[in-house]
Amino acid sequence: MKAFLALVGRDLRLAWREGGAIGVALGFYLIVVAILPLGLGPDLKLLSRIAPGVLWVALLLAALLSADRIFYNDYEDGALEVIALGPLPIEAVAAAKCLAHWLSVGVPLALLAPILGLMLNLDIKGYGPLIFTMLAGTPAISFIGAIGAALTLGLRRGGLLLSLLILPLYVPVLIFGVSSMDAVLTGPGSFWTPFAILCALSLASIALAPFAAAAALRMNLQ
């Protein structure tokens, strides 16, 4: 456990020190949400109605931009091979890197969402559920993204291939994240049912994705 936490801490320090992936993800998220009202016009009711979907889609795309960096930097400088030969099983290495990606990218994006909701005239009663659903759903985004990052590791134009592989797997997260928000804002459905499914998707991703990513890493490190 100590080695696992040390690896998570190392990746977090590198992420904050370099800042590139986080800055790109946050900047992309801000720009997409900021320019959308310019294209749709000043219809506040329309913006309020589509705000949950827009915030979720923009978050998925912003997180996807940084997903290919989960393993790439360590693969490029050879550190990934050294880490894979260390005391941690490679499944635990994959899980640690997914957790670091969620903490450094997923959580900041989720916390930024309510501020961006102001630009879309999001109803005030949706701010709390928005944070809860995004904090519940973003682990699935990081852990599923790690599978694509491991499969495309070292490939030319791997980012494009990663998008094609991973975006379809994000669809359930998007559906139940937006459904939870719609239940709060427009009713009459229950918030808790889609929210529970969203949590289940994240838990399943946390349990299964490190094994899939580890298998892909073994193949690429041979």
Side-chain angles (χ1 to χ4, degrees), residues 12 15-16 19-40 47-70 98-149 159 162-185 191 194-195 197-206 209:
L12 287 176
W16 287 109
I22 302 171
V24 169
L26 293 176
F28 181 85
Y29 196 25
L30 175 62
I31 289 171
V32 169
V33 176
I35 65 174
L36 191 76
L38 301 178
L40 293 176
L47 291 175
S48 179
R49 189 166 66 250
I50 66 173
V54 171
L55 290 170
W56 263 102
V57 170
L59 182 143
L60 290 176
L61 295 177
L64 189 62
L65 280 179
S66 63
D68 64 337
R69 314 299 295 180
I70 294 177
C98 294
L99 179 59
H101 181 266
W102 177 65
L103 292 172
S104 61
V105 176
V107 172
L109 288 175
L111 296 179
L112 180 62
I115 300 173
L116 300 184
L118 294 171
M119 298 182 186
L120 299 174
N121 195 35
L122 180 68
D123 194 314
I124 192 168
K125 65 182 178 184
Y127 285 89
L130 180 67
I131 294 178
F132 282 125
T133 54
M134 288 191 166
L135 287 178
T138 43
I141 294 171
S142 292
F143 279 77
I144 292 173
I147 299 174
L162 184 146
S163 302
L164 296 175
L165 289 172
I166 295 304
L167 272 178
L169 300 179
Y170 282 168
V171 171
V173 178
L174 174 64
I175 290 174
F176 291 106
V178 175
S179 298
S180 302
M181 291 299 301
D182 285 343
V184 172
L185 296 175
F191 166 78
F195 181 73
I197 297 174
L198 190 63
C199 293
L201 288 172
S202 284
L203 291 175
S205 302
I206 292 170

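Numbers here are sequence positions counted from 1.
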Taking the side chain as C-beta and beyond, is there a heavy-atom pair between [X] and [Y] under 4.5 Å?
X	Y	answer
Leu169	Ile147	no
Met134	Leu55	yes
Leu103	Leu99	yes

Nearest 0.5 Å, what's the [atom1]-[atom2] distance between [X] and [Y]?
X	Y	atom1	atom2	value
Leu26	Ile31	CG	CD1	11.0 Å
Leu198	Ser179	CG	OG	9.5 Å
Leu201	Ile141	CG	CD1	10.5 Å
Ile206	Ile144	CD1	CD1	10.5 Å
Tyr170	Ile175	OH	CD1	15.0 Å

Notebook entry, point to check: Excluding sequence neighbours, so at least two apart, what forms side-chain contact (heavy atoms from CB on, under 4.5 Å) with Phe195?
Noted result: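 Testing Phe195 for side-chain contact (heavy atoms from CB on, under 4.5 Å), a comparison that skips the adjacent residues, returns Phe132, Thr133, Ala136, Ser180, Phe191, Trp192, Cys199.
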Check: Taking only residues two or more places apart in sequence or in another chain, which ones pass side-chain contact (heavy atoms from CB on, under 4.5 Å) with Leu61?
Finding: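 Checked Leu61 against side-chain contact (heavy atoms from CB on, under 4.5 Å); matches are Phe28, Val57, Leu167.
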Item checked: Sequence-distant partners of Trp56, side-chain hydrogen bond (donor to acceptor under 3.5 Å, both in side chains), two or more places apart ->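 By the side-chain hydrogen bond (donor to acceptor under 3.5 Å, both in side chains) rule, Trp56 matches no residue at all.
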Notebook entry, point to check: With sequence neighbours excluded, what pairs up with Ser205 under the side-chain hydrogen bond (donor to acceptor under 3.5 Å, both in side chains) test?
Noted result: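 Per chain and number, Ser205 pairs via side-chain hydrogen bond (donor to acceptor under 3.5 Å, both in side chains) with no residue.
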Quick check: closest heavy atoms across [X] and [Y], and the distance to 0.1 Å?
X	Y	value
Val105	Ala25	CG1-CB, 4.1 Å
Val173	Ala140	CG2-CB, 3.9 Å
Leu12	Ala100	CD2-O, 3.5 Å

Let me check something: any side-chain donor-acceptor pairs from residues 108-123 under 3.5 Å, sequence neighbours excluded? List them with distances.
from: Asn121; atom 1: ND2; to: Leu44; atom 2: O; distance (Å): 3.3
from: Asp123; atom 1: OD1; to: Lys125; atom 2: N; distance (Å): 3.1

Item checked: Name of the residue among Ser48, Pro129, Pro52 meeting side-chain contact (heavy atoms from CB on, under 4.5 Å) with Leu185 ->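 Result for side-chain contact (heavy atoms from CB on, under 4.5 Å) with Leu185: Pro52.
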Item checked: Pairs touching residues 99-109 that satisfy side-chain hydrogen bond (donor to acceptor under 3.5 Å, both in side chains), sequence neighbours left out ->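 Passing the test, one end in residues 99-109: Ser66-His101, His101-Ser142, Trp102-Thr138.
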